[in-house]
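The structure displayed is predicted, hence computed values, not measured ones.
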Amino acid sequence: MISLNNISLMRGQQFLIRDASLAFNEGERIGVIGRNGCGKTSLFRALAEEIPLEQGEIKKPSDLRLSTMAQETPGLARSALDFVIDAHQEYRQLEKSLLDAENSGDDQALVRLHSQMELIQGYDISHRAERLLSGLGFETEQFGRQVNEFSGGWRVRLNLAAALMCPSDLLLLDEPTNHLDLEATVWLEQWLQQYPGTLLMISHDRTFLDSVIDHVISFELGSLQYYKGNYSAFEKQRAERLALQQAMFEKQQRRRAEIEDFVRRFRAKASKARQAQSRLNELNRMQEIAPAHVDSPFQFRFPSLDYLPDFLMQATGLAIGFDTPLASGIKLGIRSDSRIGLLGYNGSGKSTLLKTLAGKLDALAGEIDKARKLRLGYYAQHQIDELDASATPVQSIMAVTENPAAVSEQEIRNYLGGYDFRGSRVDETIEHFSGGEKARLALARVAWQKPNLLLLDEPTNHLDLEMVHALTVALQEFEGALIIVSHDRHLLANTVDEFYSIHQGQFSEFKGSLSDYESWLRSNDSDNEEGGQSAEKANEENPKLDKKRQRQLAAAKREELAPLRKEVKQLEKQMEKNQAGLDRIEEKLADQSLYEDSAKARLTELLQEQGQLKSALAEAEERWLELQERLTEA
């Protein structure tokens, strides 16, 4: 057991934690939750005895082995593989002792040392280090590259691999998914699920947290609150507690109404069965936990659009890359209602595609046709590096304002308040800002320019969970088109309607849901690791039997589901017709002459028709959802 007894932590003159006590048991997996700057990393440093407490004590077992994820990586002239193995200090010490014993001819020492090496599984340590590197996205040819040859993001991955390699009873991970893609995130999730020790983890990825943790430590007004369950359970418990506070009640109800309205509009447009069902399930969950976020300091929306063309962009025969193509033959049409998530392994070309669509990188081949009134908002992974460090947030927004004379400074200050830049903070220079604050400001700059097409590359990096939640809500309500690359599955599930993947140089639509993609990743990783055969390879060995059987099964399944699919299509047509009718009536109801005494009969007729259409639409939606659940189960 590890116990925190009446501890207090300060940063400068500010209390981060005041007189807090809690205890956690061996083997618990704990997510540490709180806004940027609240003291999460400081708590980790105190647990690692890197900084002193202002008061109180932290009791730990005397033989506790602790592993932490370093935040900085020196530019070492040492291979990536050796850097990771170095984290296993006991192995390196035994390795040196064995060499000394061999040189001195000490046979007794050799026997003893070889026995110790077997106990720590030292003879397969290179294989374990290679598996860690592969899982985190490194190619085999990169294992021998020197650490100083890697960029900052890849060095973070090396630090993570080293933390996982180090034998530990307590593992402290500070934002381990920040520089990972979705594929590496899924791999890490599986690794941590098998970790036998106690885990404390800071992360803004709620899906990742839900899959790994079983307890939450929440920073709340200088205290530490301990919750049982994963992140979703924490949200519900906190929502129930806040719901008792009358001051929050009206704000909660408004947010519930907004989400209910969004669900209604989305259902009416739904056309992709499995993805639509998955999206609706996620939205319903968001509706349940909305009260847990009513005290968030982030309240912002993307500005209303002045103009939204039906068609925004068309890529035809596109080849992307640098000297050689990463992917070619890309065909993609982007409509005003397109909401696309890009999937693919690290290095497959997702970021390169966004950069090419944004005009930041020339295409190797093909054409990109853009609408005349296209307004493109591009957020790159390293967008924060492009901020002018000597500018204030107000000056930074003013720098991307088309007509500065038409905008007052107070308007900009009000706008920045939604991103939690308030008071004197908006007058401070960016050079003193944290990574999270810079990321928020970079997003604010993109949104301020009123884009009708958003291209977002890992927008949640550096953001805390409250800001990620606020961004998710804002993207739900965004009026334009969206293409996003993100390892945050909750964000993807709640903001996009369709997925495209880049795999082995091929760009194509992925017709399943995110859970289908995760299943594919897991089976693919299992095949690669164990040398197993995929279904396609297995079929090649006995094609006649397998293909015949597959055709029979597929035919039987199609026949079984055909009536359901037919009814679904009929319902979708009916829902579209009902929605069109409602839109038509709403246009008519906007005519002020209808509200004169002479038009009362016509007004009554329209209102009755509106009520009938709403009732018919609700019934169709309910039946459609029921059929989708049956199809998904099948």
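Judged as a side chain to side chain contact (heavy atoms under 4.5 Å, CB included), and not counting sequence neighbours, the contacts of S134 are F143. For the salt bridge (Lys or Arg N to Asp or Glu O under 4.0 Å) test, no residue two or more places apart in sequence or in another chain qualifies with E130. Residues that satisfy the salt bridge (Lys or Arg N to Asp or Glu O under 4.0 Å) test with K60, not counting sequence neighbours, are E49. Residues satisfying the side chain to side chain contact (heavy atoms under 4.5 Å, CB included) criterion with Q93, sequence neighbours excluded, are absent altogether. Considering only residues two or more places apart in sequence or on other chains, E57 meets the salt bridge (Lys or Arg N to Asp or Glu O under 4.0 Å) condition with K59. Scanning for side chain to side chain contact (heavy atoms under 4.5 Å, CB included) contacts around Q410 gives S408, R413, N414, with sequence neighbours left out. Partners of R65 according to the salt bridge (Lys or Arg N to Asp or Glu O under 4.0 Å) rule, which considers only residues two or more places apart in sequence or in another chain, are D169. Residues meeting the side chain to side chain contact (heavy atoms under 4.5 Å, CB included) test with A389, sequence neighbours left out: E431. Residues that satisfy the ring pair (Phe, Tyr, Trp, His ring centres under 6.0 Å) test with H215, not counting sequence neighbours, are Y226.
Within 6.0 Å of the NZ atom in K355, the count of heavy atoms belonging to other residues, nucleotides or ligands does not exceed 12. Enclosure of atom CD in Q89 is not indicated, since only 12 or fewer non-hydrogen atoms of other residues, nucleotides or ligands lie within 6.0 angstrom.
When I384, V426, L416, T392 are each tested for a side chain to side chain contact (heavy atoms under 4.5 Å, CB included) with L441, only one passes: L416. When V446, I483, L376 are each tested for a side chain to side chain contact (heavy atoms under 4.5 Å, CB included) with L454, only one passes: V446.
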* Checking ring-ring contact (aromatic ring centres under 6.0 Å, His included) for the pair F150/F138: CA distance, chi angles, key distance, verdict? -> CA-CA 11 Å; F150 289 98; F138 291 85; 5.6 Å; yes
* **Audit row: D82, R92, salt bridge (charged side-chain N to carboxylate O under 4.0 Å, His left out) steps and yes/no** => CA-CA 10 Å; D82 281 334; R92 285 304 193 199; 3.4 Å; yes
* **side chain to side chain donor-acceptor pair (under 3.5 Å) between S218 and R238, intermediate numbers included** => CA-CA 10 Å; S218 174; R238 189 164 190 265; 5.1 Å; no
* Given side chain to side chain donor-acceptor pair (under 3.5 Å), test S232 with R206 step by step and report yes or no. => CA-CA 8 Å; S232 292; R206 53 166 298 141; 3.0 Å; yes
* To do: Test side-chain contact (heavy atoms from CB on, under 4.5 Å) on L482 and L456 and set out the steps.
  => CA-CA 8 Å; L482 168 68; L456 304 180; 3.8 Å; yes
* Checking side-chain contact (heavy atoms from CB on, under 4.5 Å) for the pair F234/L209: CA distance, chi angles, key distance, verdict? -> CA-CA 11 Å; F234 151 75; L209 287 169; over 6 Å; no
* Walk me through it: do I30 and M201 pass the test side-chain contact (heavy atoms from CB on, under 4.5 Å)? => CA-CA 6 Å; I30 303 162; M201 179 168 62; over 6 Å; no
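Side chain of R339 to backbone of T495: a donor-acceptor contact under 3.5 angstrom is found. Judged purely by atom type and a 3.5 angstrom limit, T68 has no side-chain atom pairing as donor or acceptor with the backbone of A70. Under a 3.5 Å cut-off, the side chain of N6 and the backbone N or O of G56 do not form any donor-acceptor pair. Between the side chain of R157 and the backbone N or O of H179 there is at least one donor-acceptor pair closer than 3.5 Å. Formation of a donor-acceptor pair under 3.5 Å by the E437 side chain with backbone atoms of F433 is not found in this model.
Under 4.0 Å is where a charged nitrogen must lie from a carboxylate oxygen, and between E189 and R489 at least one such pair does. Between K40 and D174, none of the side-chain N atoms (NZ, or NE/NH1/NH2) sits under 4.0 Å from a carboxylate O, so this pair counts as no salt bridge.
Looking at E175 and M69, their side chains never come closer than 4.5 Å, going by heavy atoms from C-beta outward. Counting only heavy atoms from C-beta outward, the side chains of Q225 and Y227 approach each other to under 4.5 Å. Counting heavy atoms from C-beta outward, L164 and Y195 have side chains that stay 4.5 Å or more apart. Side-chain contact between M467 and H204: absent, with no pair of heavy atoms (C-beta onward) separated by less than 4.5 Å. Counting heavy atoms from C-beta outward, Y415 and W448 have side chains that approach closer than 4.5 Å. Looking at Y517 and V186, their side chains never come closer than 4.5 Å, going by heavy atoms from C-beta outward. Taking 4.5 Å as the limit, some side-chain heavy atom of P459 sits within range of a side-chain heavy atom of L471. Here the side chains of L491 and I484 are in contact, with some heavy-atom distance below 4.5 Å.
For the atom pair OG of S351 and NZ of K360, the computed distance is 14.5 Å after rounding to the nearest 0.5 Å. With rounding to the nearest 0.5 angstrom, the CD atom of Q395 is 10.0 Å from the CD1 atom of I412. To the nearest 0.5 Å, the span separating CG on L224 from CD1 on I7 amounts to 6.0 Å. Within the model, atoms CZ of R425 and CG of D420 stand 10.0 Å from one another, a figure rounded to the nearest 0.5 Å. Taking OG1 of T185 as the start and CG of D488 as the end, the distance is 9.0 Å to the nearest 0.5 Å. If you take CD1 on I430 and NZ on K438, they are separated by 8.5 Å, rounding to the nearest 0.5 Å.
The heavy-atom pair separating H487 from D181 by the smallest distance is CB-C, 3.6 Å. Annotation for F15 and S8: closest pair CE2-CB, 3.9 Å, computed over non-hydrogen atoms. A129 and I85 get closest at one heavy-atom pair: CB-CG1, 3.7 Å. Annotation for S304 and E479: closest pair OG-OE2, 3.7 Å, computed over non-hydrogen atoms. Heavy atoms only, all atoms of each residue included: G31 and I213 are closest at N-CG2, 3.6 Å. Among all heavy-atom pairs drawn from N230 and A233, the shortest one is OD1-N, 3.0 Å.
Pairs of residues two or more places apart, or lying in two chains, never qualify as salt bridge (charged side-chain N to carboxylate O under 4.0 Å, His left out) while including a residue from residues 16-25. The list of ring-ring contact (aromatic ring centres under 6.0 Å, His included) pairs with a residue in residues 22-59, not counting sequence neighbours, is empty. Residue pairs satisfying the salt bridge (charged side-chain N to carboxylate O under 4.0 Å, His left out) criterion with at least one member in residues 24-34, sequence neighbours excluded, are absent.
Using the six-membered ring where Trp is involved, H88 and Y91 have ring planes that are perpendicular, over 60° apart on the 30 and 60° scheme.
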